[in-house]
Amino acid sequence: MSRVHELPGGACFSLRLAAGQTLRMTSSSPDTNVTMQVFAADRLDRLNVPDTMKAQMSGCITAPMVLMSDRGCALLSVVESTLPAHDCLGGMSHDRHVDAFGLTSYARDRNGWRRSSYALLTLELAKHGLGEADLHAPVNWFSHVPVEEGSARLGAVRQGSAGERVTLRADLDVLVVLSTAIHPLADGPATGGVTLEVGVHDGPDPSAPWREESARSLEMSAWARAAVPA
Amino acid sequence: MTIALQPSLDLVVGAGDGALVRIPAGRTLRIVDLHGNQAVDTLFYDAEDIGHRYSAFDTIREQRSVYLTTGSRLLSNRLEELAVITDDTCGRHDTIGGACSQESNVVRYGWHTRHQHACRQAFLKYGAAAGIGQRELGPNINFFMNVPVDSHGGLHFDDGLSGPGKHVDVTATRDLLALVSNCPQLNNPCNGWDPTSVRLRGDW
């Protein structure tokens, strides 16, 4: 059985994945940006972007990297991506970034009002008993911020086209929280949606044989799974 | 929990040890790399509200620069300025490489490193007095650490650019807590393979 959800632009959603399940995300627009937070089942262990980058020697997220937690566990593996790189340096949009393109409100704009990832994610986290302290450095899927040669300066954000696809496999039971608000470096207020499909991973694992570090992080997840009675 | 201001601050932090110090608004904390090539993992919190804390990726994005140096504004998770780097004889500092932990050591170097001392241990130990725990630990600054990022998206941990006696000055915009771990990492060149002591000096 598969679950499918059409998440519109400028919105927020959360879903749980069991270990072994996949989340396929397909962008519906060139403006799609998906800012993601990931928690392990205890809601305390969570995505750690610096550890993910340094263990796999990369300043962006590519297939077949694993997304690692504070406790070294692989939370999600990138089993497939039509884009070569996704941003993990840019952080999330704040009200200031969204308001720079003009103020909106529910009273005037109804559900076309524009909100930031910070605002949307904080609300969605509250539904799970989490709050501002649980916000962490995100991955921005379908967006990429290049680092300029020599200067280590961040370039302008680049986004994909409609129909780009990323497939993630849960390596532990996880809570995934996603916002489709603008990337903080976006040059306009337009947002795009994403189709979310939950399935089961049944192909070969591209992450374990990729790097020793990726394999050991998957091993840490196996230890964490074993610690939870079935 | 309130952490009291020490009337004056001049503290040598040994290799692998840590500290939690209060910096009054407008005052400057100087961190001195006494022996050279020593990473000093540091987090800043609003002294009145630990939910208001340093945010590495907001800091680099708003300034479009991966490295920190003189003039860098250290921003919070609410995009407010917590502090400014007002002097830097090292040249640049990392804020995307994170802090070592026992678990990330396993991932990077193997199970034999699981019980080696790590920065996250020092953060948890010294943070506890202010109520700073696992949830409050985010990406930190690594003063004196050199992590070049190339245009192909690669990340490298290189020998430090620092040397004996180099320092960095951090001037607080508001009352701050600085949570410091003097990095005990032995498995890469971030401490020149030999962790050494650093000095924390306040100008008050």
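Fair warning: this is a prediction, and the values are worked out from it, not measured in the lab. Per chain, numbering begins at 1; letters A, B, ... match sequence-line order.
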Is it the side chain or the backbone of [X] that comes within 4.5 Å of chain B heavy atoms, both, or neither?
X	answer
A:Val145	neither
A:Ala85	neither
A:Cys73	neither
A:Asn48	side chain
A:Met92	backbone
A:His97	side chain
A:Leu135	backbone
A:Arg96	side chain

Intermediate values then yes/no, side-chain hydrogen bond (donor to acceptor under 3.5 Å, both in side chains), B:Asn37 and B:Ser162 = CA-CA 5 Å; B:Asn37 271 350; B:Ser162 188; 5.5 Å; no
Engaged part of [X] at the chain A interface, taking heavy atoms whose separation is under 4.5 Å:
X	value
B:Ser65	both
B:Ile50	neither
B:Gln102	neither
B:Ala99	backbone

Answer yes or no: is there an ion pair linking [X] with [Y], defined by an N-O contact shorter than 4.0 Å?
X	Y	result
B:Glu80	B:Arg78	no
B:Asp33	B:Lys166	no
A:Asp205	A:Arg169	yes
A:Asp42	A:Arg71	yes

Output the option from [options] having the highest count of non-hydrogen pairs under 4.5 Å with chain B.
options	result
A:Ala133, A:Gly72, A:Ala137, A:Pro138	A:Ala133
A:Leu89, A:Val49, A:Asp51	A:Leu89
A:Pro84, A:Pro184, A:Ser214, A:Pro146	A:Pro184

Are there more than 12 heavy atoms of other residues, nucleotides or ligands under 6.0 Å from atom [atom1] of [X]?
X	atom1	result
B:Arg114	CZ	yes
B:Glu81	CD	yes
B:Arg201	CZ	no

Look at the rings of A:His94 and A:Tyr118 and say which category their plane angle falls in: under 30° parallel, 30 to 60° tilted, over 60° perpendicular.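 A:His94 and A:Tyr118: parallel rings.
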For chain A, find which of B:Arg53, B:Glu103, B:Arg64, B:Gln134 contributes the most heavy-atom pairs closer than 4.5 angstrom.
->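 Highest number of pairs under 4.5 Å: B:Arg64.
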Go through B:Leu79, B:Ile96, B:Ile60, B:Asn77 and name the one with the most non-hydrogen pairs under 4.5 angstrom from chain A.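 Among B:Leu79, B:Ile96, B:Ile60, B:Asn77, the one with the most close pairs to chain A is B:Leu79.
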- Message: Distance check, rounded to the nearest 0.5 Å: B:Thr95 atom OG1 versus B:Asp58 atom CG?
- Response: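 Separation between the atoms: 10.5 Å.
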If you look at every heavy atom in A:Gln37 and A:Asp134, which pair is closest and at what distance?
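Answer, listing the atom of A:Gln37 first, then A:Asp134: OE1-O, 3.9 Å.
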